[in-house]
Amino acid sequence: MNAQTADYGIPKIKLNPVHVNYYRQFCSPSDPITHARPKSLQFAVPQEIPRSPEGRPNLTDSTSPKQHLLASLKIRELILRGQLPAGERVTEAALAELLGLSRTPVRQALPALAQDGLLVPVGKRGYAVRLFTPDETHIALETRATLEGMAARIVAEKGLTTAQLEAFQHCLAEGDEILGRVEFGKEEEHAYGVMNQRFHELILEVAQKPLLNDLVARCLVVPFVSPLLVAFGDPDITLMREDLSYAHRQHHYIVEALRNRETTRVEMLLREHAATQRHSMSL
């Protein structure tokens with residue numbers, strides 16, 4: 001199956017915008033990434049998918065496109081979180097057992113992930129996790145910041161609606177609450193990552209430039225570039241909180257610049273924002 005589209009005799013469905021949006025829709029509530037706000041995405045169901053006696057699609061069947069998509073997104077997250085180390089060979093059987101899926105959707109997902117640049121072919125039919133260098137991570141992070149800066153400039157030029165401003169302010173309030181907690185550990189780190197992801201997605205959503213979305217999505221396949229995955233070179237909790245507090249102050253400045261329609265300032269703030277992430281990762 002092509003990584004860009006699925007062809008089941010229905011209009012072609014784009015499968016790789018920002019991957020986390022799809023991940024939220026198809027993963028169980030127990031998965032930590034689903035704490036973020038879901039999108040209202042529509043996914044057409046072809047008639048040939050197996051159905052229950054009541055006529056509902058049988059999504060446990062291995063031929064379901066949702067199973068294929070779910071496998072792809074689950075494997076992607078394992079790679080981006082470092083749970084599948086760089087250079088490690090991946091097998092259908094091991095991944096299927098780990099994900100609780102049949103081997104068919106896993107087999108279909110691997111070539112798509114290779115086309116996205118997360119896997120590399122090994123041997124005749126095998127794959128291994130691609131090794132990304134620190135320089136590649138640095139370039140992808142800089143590119144993401146530049147693209148988001150362009151999106152923020154577009155938003156500032158148009159001006160925020162009341163609803164859009166409220167959405168940004170909700171992120172700011174949520175971040176303030178997380179960083180204000182007395183105890184700060186892994187739970188707070190993850191909660192901040194979810195808020196951070198939502199904040200950066202909002203910039204792209206409000207800009208309404210699909211090309212920018214697609215280009216940012218390409219950057220997100222590189223480990224530690226996603227705003228969801230807060231990574232630190234130093235595990236010291238005090239330093240972690242200080243870095244996140246500084247980054248979140250930048251979020252406040254970015255919203256202020258958007259509200260005041262300061263186009264150049266907001267673009268530069270987004271680029272500087274990436275420097276904070278580089279510092280926290282010791283890149």
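Rounded to the nearest 0.5 angstrom, L215 CG and T143 OG1 are separated by 9.5 Å. Interatomic distance, E256 CD to Q250 CD, rounded to the nearest 0.5 Å: 13.0 Å. Atoms CD and CG, from Q169 and L172 in turn, are 7.0 Å apart once rounded to the nearest 0.5 Å. If you take CD1 on I254 and CD on E148, they are separated by 8.5 Å, rounding to the nearest 0.5 Å. Taking OG from S245 and CG from D176, the interatomic distance works out to 9.5 Å, rounded to the nearest 0.5 Å. The distance from the CZ atom of F199 to the NE2 atom of H251 is 5.0 Å, given to the nearest 0.5 Å.
For the pair I178 and L244, the minimum side-chain heavy-atom distance is 4.5 Å or more. Put simply, the side chain of Y127 does not reach to within 4.5 Å of the side chain of V120, judged on heavy atoms. When side chains are defined from C-beta on, V129 does not count as touching P85, because their heavy atoms never get closer than 4.5 Å. Residues I139 and V222 are not in side-chain contact: their nearest non-hydrogen atoms beyond the backbone lie 4.5 Å or more apart. Residues L147 and L204 are not in side-chain contact: their nearest non-hydrogen atoms beyond the backbone lie 4.5 Å or more apart. In this structure, I75 and L95 have side chains that are in contact, with non-hydrogen atoms separated by less than 4.5 Å. L119 places a side-chain heavy atom less than 4.5 Å from the side chain of I79. P105 places none of its side-chain heavy atoms less than 4.5 Å from the side chain of L70.
No more than 12 heavy atoms of other residues, nucleotides or ligands shown are found within 6.0 angstrom of OH on Y253. Counting non-hydrogen atoms of neighbouring residues, nucleotides and ligands closer than 6.0 angstrom, the CD atom of E88 exceeds 12 such neighbours.
Not counting sequence neighbours, the partners of E177 by the side-chain contact (heavy atoms from CB on, under 4.5 Å) test are R181. By the salt bridge (Lys or Arg N to Asp or Glu O under 4.0 Å) test, E242 is found to be paired with no residue, residues two or more places apart in sequence or in another chain being considered. Judged as a salt bridge (Lys or Arg N to Asp or Glu O under 4.0 Å), and not counting sequence neighbours, E272 has no contacts. E142 is linked by a salt bridge (Lys or Arg N to Asp or Glu O under 4.0 Å) to R278, counting only residues two or more places apart in sequence or in another chain. Residues passing the salt bridge (Lys or Arg N to Asp or Glu O under 4.0 Å) test with E267 are R153, R271, sequence neighbours excluded.
No donor-acceptor pair closer than 3.5 Å links the side chain of R144 to the backbone N or O of L220. A side-chain donor-acceptor contact under 3.5 Å links R261 to the backbone of E157. The main-chain N or O of V194 is never found under 3.5 Å from a side-chain atom of Q197 such that the two would form a donor-acceptor pair. Side chain of K209 to backbone of M150: no donor-acceptor contact under 3.5 angstrom is found.
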Exercise for review: Step by step, work out the side-chain contact (heavy atoms from CB on, under 4.5 Å) result for L212 and I154.
Suggested key: CA-CA 11 Å; L212 291 179; I154 292 168; 4.1 Å; yes
Review point. Going through the distances and angles, do L179 and F184 end up as a side-chain contact (heavy atoms from CB on, under 4.5 Å)?
Key: CA-CA 8 Å; L179 293 168; F184 194 89; 3.9 Å; yes
Exercise for review: Carefully, step by step, assess L141 and C219 under the rule side-chain contact (heavy atoms from CB on, under 4.5 Å).
Suggested key: CA-CA 7 Å; L141 184 59; C219 296; over 6 Å; no
Exercise for review: Given side-chain contact (heavy atoms from CB on, under 4.5 Å), test Q208 with K158 step by step and report yes or no.
Suggested key: CA-CA 11 Å; Q208 296 182 324; K158 295 192 301 182; 3.7 Å; yes
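Nearest approach of N196 to P227, heavy atoms of both residues: ND2-O, 2.9 Å. Between A140 and V225, the shortest heavy-atom contact is CB-CG2, 3.7 Å. Closest of all the heavy-atom pairs between R218 and V221 is O-CG2, 3.1 Å. Residues V266 and A156 share a closest heavy-atom pair of CG1-CB, 4.1 Å. The minimum heavy-atom distance linking A128 with V122 is given by the pair CB-CG2, 3.5 Å. A86 and R130 get closest at one heavy-atom pair: CB-O, 3.8 Å.
Note on ring orientation: taking the six-membered ring where Trp is involved, the planes of H248 and Y192 are perpendicular (angle over 60°, cut-offs 30° and 60°).
Listed by first and then second residue, the salt bridge (Lys or Arg N to Asp or Glu O under 4.0 Å) pairs that reach into residues 90-101 are E92-R103, E92-R107, sequence neighbours excluded.
Ionic pairing of R241 and E188 is not present here: no N-O contact between side-chain nitrogen and carboxylate oxygen is shorter than 4.0 angstrom.
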